[in-house]
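Counting convention: from 1, in listed order, for ligands and their atoms alike.
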Amino acid sequence: MDLHDKSIVIGVTGGIAAYKAAELVRLLRKAGASVRVAMTEAATHFVTPTTFQGLSGQPVYVDQWDARMPNAMAHIDLSRQADLIVVAPASADFLARIAHGMANDLLATMVLARDCPLLLAPAMNRQMWENPATQRNVRQLQDDGIGLLGPACGEQACGEVGAGRMLEPEEILEEIRVFFTPKILAGRKVLMTAGPTFEAIDAVRGITNLSSGRMGYALASAARAAGAEVTLVSGPVAFQAPAGVDRVNVRSALEMHAAVMARAAAADVFIAVAAVADYRVAEVAEHKLKKDQGGVPPIRLVENPDILAEVAALPAPPFCVGFAAESQNLEDYAQKKRAKKKIPLIAGNLIQDGFGGDDNRLVLFDANGAHPLPPASKLALARQLLEHVARLLP
Ligand code: PMT
């Protein structure tokens, strides 16, 4: 519910991607935002106003002569009530009209008369996008301080492949979240680990754990939204990297160690969320171990490097944040880990709260003692943890 105090107008222009705007409205409502929809007449040929009315729970405006607003000034009233206008999809025609300050339908008039920020999510055929006229309009819009979301590259409805696809609704939602997030980490480089590691036993088997990656990915997303440049060194998880985050895929603790140590000196903040295997298999069998080779195969383990402790021991270390998942004595064990690894901050969570799932409970431990955070979604906790980090940063 992190957009619950936000009022957003979604503008929909004519294009096949208009159907995705319906999902965007649904996601925004789910995130708590109040949403109003204004459409161009062309957009109504792709999706009906009734669909958007049902999803937004509000009347939908198309016609600039619509008399439902008591003062008959929908173009003014809609934008005055909004914290943000997002036009998705924004057609080539719409970009051209806004770049030239035209006010020839309700949506364009509302955009021209707005007193709130505007984001446009272009969607068009790749040649329309590459056309010098469109590119000229895009430059003009950027010069006017209007935010462009995408477009993405890929297969288009017309069957061609190239730039011009509208971002997916989830990506636009993420950009809207980013837009509203205070930039408390602007200019900072944040390096993070997330997920489990996988320590091979043979060609198919290995030792791993139940970390889903959710806590780390939520932190990566929140750090990026807070203005940081984020590199996420990730063990094997099922998620895509959050938009705008540089993801480095690794499998084993040794790979994670190498990827982190190559980047740690350049980072301002290092957050170790990964559940790293403490041990790896000393001799990994090249082929699959066979059951009929006589008895239970012996598996000798050797200790993995402690990535967090090594980063904290660098001559000029980044600000280091650790995590501790414990089944009991959270404060005692977490504080001992913080002292042993010589780090300023550690976030403790109980195993039953932290692993898997969308929610968690965190207690932050620093030199001033314990700071319990109320139970919440991993994303909400990630934001609070980063606020704490920002306060402690030099
Ligand atoms: O991924 P999710 O399902 O969302 O679950 C999130 C989580 C429970 C995995 C996460 O919130 C968490 O607690 N991660 C740390 C797990 C843990 O207990 O780690 P540890 O006690 O083994 O290590 C302490 C700290 O040192 C951690 O920051 C860890 O990343 C780091 N470490 C540990 C060992 C090692 N070889 N290198 C390390 O950097």
Student: Name the closest protein heavy atom to atom 39 (O) of ligand 1, giving the residue it belongs to and the distance to 0.1 Å.
Tutor: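 Scanning the protein heavy atoms, the shortest distance from atom 39 (O) of ligand 1 goes to Leu308 N, 2.9 Å.
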Student: Please list, in number order, the atoms of ligand 1 under 4.0 Å from a heavy atom of Ala274.
Tutor: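 Listed by number with element, the hits are 15 (C), 29 (C), 30 (O).
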Student: Do me a favour and list the nearest non-hydrogen protein atom to atom 37 (N) of ligand 1 with residue, atom name and distance?
Tutor: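 Of the protein heavy atoms, Ile307 N, 3.1 Å lies nearest.
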Student: Is it the case that ligand 1 has an N or O less than 3.5 angstrom from some N or O of Ala277?
Tutor: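 No.
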Student: Which ligand 1 atoms are under 4.0 Å away from a heavy-atom of Gly213?
Tutor: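 Here the atoms of ligand 1 in question are 1 (O), 2 (P), 3 (O).
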Student: For atom 14 (N) of ligand 1, what is the closest protein heavy atom, and at what distance to 0.1 Å?
Tutor: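 Looking at atom 14 (N) of ligand 1, the protein heavy atom closest to it is Val273 O, 2.9 Å.
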Student: Within a distance under 4.0 Å of any heavy atom of Asp306, pick out the atoms of ligand 1 and give their elements.
Tutor: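 What qualifies from ligand 1 is 35 (C), 36 (N), 37 (N), 38 (C), 39 (O).
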Student: Taking only Lys NZ, Arg NE, NH1 and NH2, and the carboxylate oxygens of Asp or Glu, determine whether Arg361 and Asp353 approach each other closer than 4.0 Å.
Tutor: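 Judged by the 4.0 Å cut-off on N to carboxylate O distance, Arg361 and Asp353 do form a salt bridge.
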Student: Can you see whether Tyr217 engages Ser234 through a side-chain donor-acceptor pair at a distance of less than 3.5 angstrom?
Tutor: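 Short answer, yes.
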Student: What protein heavy atom sits nearest atom 5 (O) of ligand 1, and how far off is it?
Tutor: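 That would be Gly354 O, 3.2 Å.
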Student: Can you pull out the closest protein heavy atom to atom 22 (O) of ligand 1? Residue, atom name and distance to 0.1 Å, please.
Tutor: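 Protein heavy atom with the smallest distance to atom 22 (O) of ligand 1: Asp278 OD1, 4.3 Å.
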Student: Using a 4.0 Å cutoff against the non-hydrogen atoms of Ser211, which atoms of ligand 1 qualify?
Tutor: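 What qualifies from ligand 1 is 1 (O), 2 (P), 3 (O), 9 (C).
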Student: Roughly how far, to the nearest 0.5 Å, is CZ of Arg383 from CD of Glu387?
Tutor: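 Reported value, rounded in 0.5 Å steps: 9.0 Å.
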Student: Counting each atom of ligand 1 from 1 as listed, which ones have a heavy atom of Ser212 under 4.0 Å away?
Tutor: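 Going through ligand 1 atom by atom, the ones under 4.0 Å from Ser212 are 1 (O), 2 (P), 3 (O), 4 (O).
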Student: Consider every N or O of Gly322 and every N or O of ligand 1, then say whether any pair is closer than 3.5 Å.
Tutor: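 There is no such contact.
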Student: Is ligand 1 under 4.0 Å from a heavy atom in the side chain of Lys341, in the backbone, in both, or in neither?
Tutor: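 Looking at Lys341 and ligand 1, just side chain atoms fall under 4.0 Å.
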Student: Report yes if some N/O of Asn349 lies less than 3.5 Å from some N/O of ligand 1; otherwise report no.
Tutor: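 Such a contact does occur with ligand 1.
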Student: For Glu229, is the CD atom crowded, meaning more than 12 foreign heavy atoms sit under 6.0 Å from it?
Tutor: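 No.
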Student: So, are Arg338 and Asp366 salt-bridged, with charged N and O less than 4.0 Å apart?
Tutor: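 Salt bridge absent between Arg338 and Asp366.
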Student: Taking non-hydrogen atoms only, is Pro305 closer than 4.0 angstrom to ligand 1 via side chain, backbone, both or neither?
Tutor: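 Backbone only.
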Student: By number and element, which atoms of ligand 1 are closer than 4.0 Å to a non-hydrogen atom of Arg214?
Tutor: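 Checking each atom against Arg214, I get 1 (O), 2 (P), 4 (O).
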Student: Out of curiosity, is Ala253 lining ligand 1, as in a heavy atom under 4.0 Å away?
Tutor: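 Checking ligand 1 against Ala253, which is what was asked, there is no heavy-atom contact under 4.0 Å.
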Student: Are Lys378 and Asp358 ion-paired here, with the side-chain N under 4.0 Å from a carboxylate O?
Tutor: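 No, no charged N to carboxylate O under 4.0 Å.
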Student: Please answer whether the main-chain N or O of Pro89 pairs with a side-chain N or O of Thr13 as donor and acceptor at a distance below 3.5 Å.
Tutor: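 Flag set: sc Thr13 to bb Pro89 pair under 3.5 Å.
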Student: May I ask you to say whether Glu23 pairs ionically with Arg26, meaning some side-chain N is under 4.0 Å from a carboxylate O?
Tutor: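 A salt bridge links Glu23 with Arg26.
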Student: With a 4.0 Å cut-off on N to O distance, would you call Arg224 and Glu174 a salt bridge?
Tutor: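 Salt bridge absent between Arg224 and Glu174.
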Student: Would you mind listing which atoms of ligand 1 come within a distance below 4.0 Å of any non-hydrogen atom of Ala272?
Tutor: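 Contacts of ligand 1 toward Ala272, numbered from 1: 27 (C), 28 (O), 30 (O).
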Student: Please say whether Ala325 places an N or O atom under 3.5 Å from an N or O atom belonging to ligand 1.
Tutor: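 Yes, there is a polar N/O contact under 3.5 Å.
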Student: side-chain hydrogen bond (donor to acceptor under 3.5 Å, both in side chains) between Arg97 and Asn104: does it pass, once the steps are laid out?
Tutor: CA-CA 8 Å; Arg97 288 196 281 134; Asn104 48 353; 2.7 Å; yes
Student: State, without any angle test, whether Thr197 and Glu199 hold a side-chain donor-acceptor pair at a distance under 3.5 Å.
Tutor: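 Checked: Thr197/Glu199 side chains pair up, N/O donor to acceptor below 3.5 Å.
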Student: Counting heavy atoms only, name the option from Tyr333, Phe323, Phe239 that's nearest to atom 27 (C) of ligand 1.
Tutor: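 That would be Phe323.
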Student: So, is the end of the Arg68 side chain (NZ or CZ) under 6.0 Å from the ring centre of Tyr61 and within 45° of the ring's axis?
Tutor: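 Judged by the rule (NZ or CZ under 6.0 Å from the ring centre, within 45° of its axis), Arg68 counts as positioned above Tyr61.
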Student: Check this for me - ligand 1, Lys378, N or O atoms closer than 3.5 angstrom, yes or no?
Tutor: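 The answer is yes, given that Lys378 and ligand 1 share an N or O pair closer than 3.5 Å.
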Student: Tell me the protein heavy atom at minimum distance from atom 20 (P) of ligand 1, and give that distance in Å.
Tutor: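 Atom 20 (P) of ligand 1 sits closest to the protein heavy atom Lys337 NZ, 3.7 Å.
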Student: When rounded to the nearest 0.5 angstrom, what is the spacing between CG in Leu118 and CG in Leu84?
Tutor: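 Separation between the atoms: 8.0 Å.
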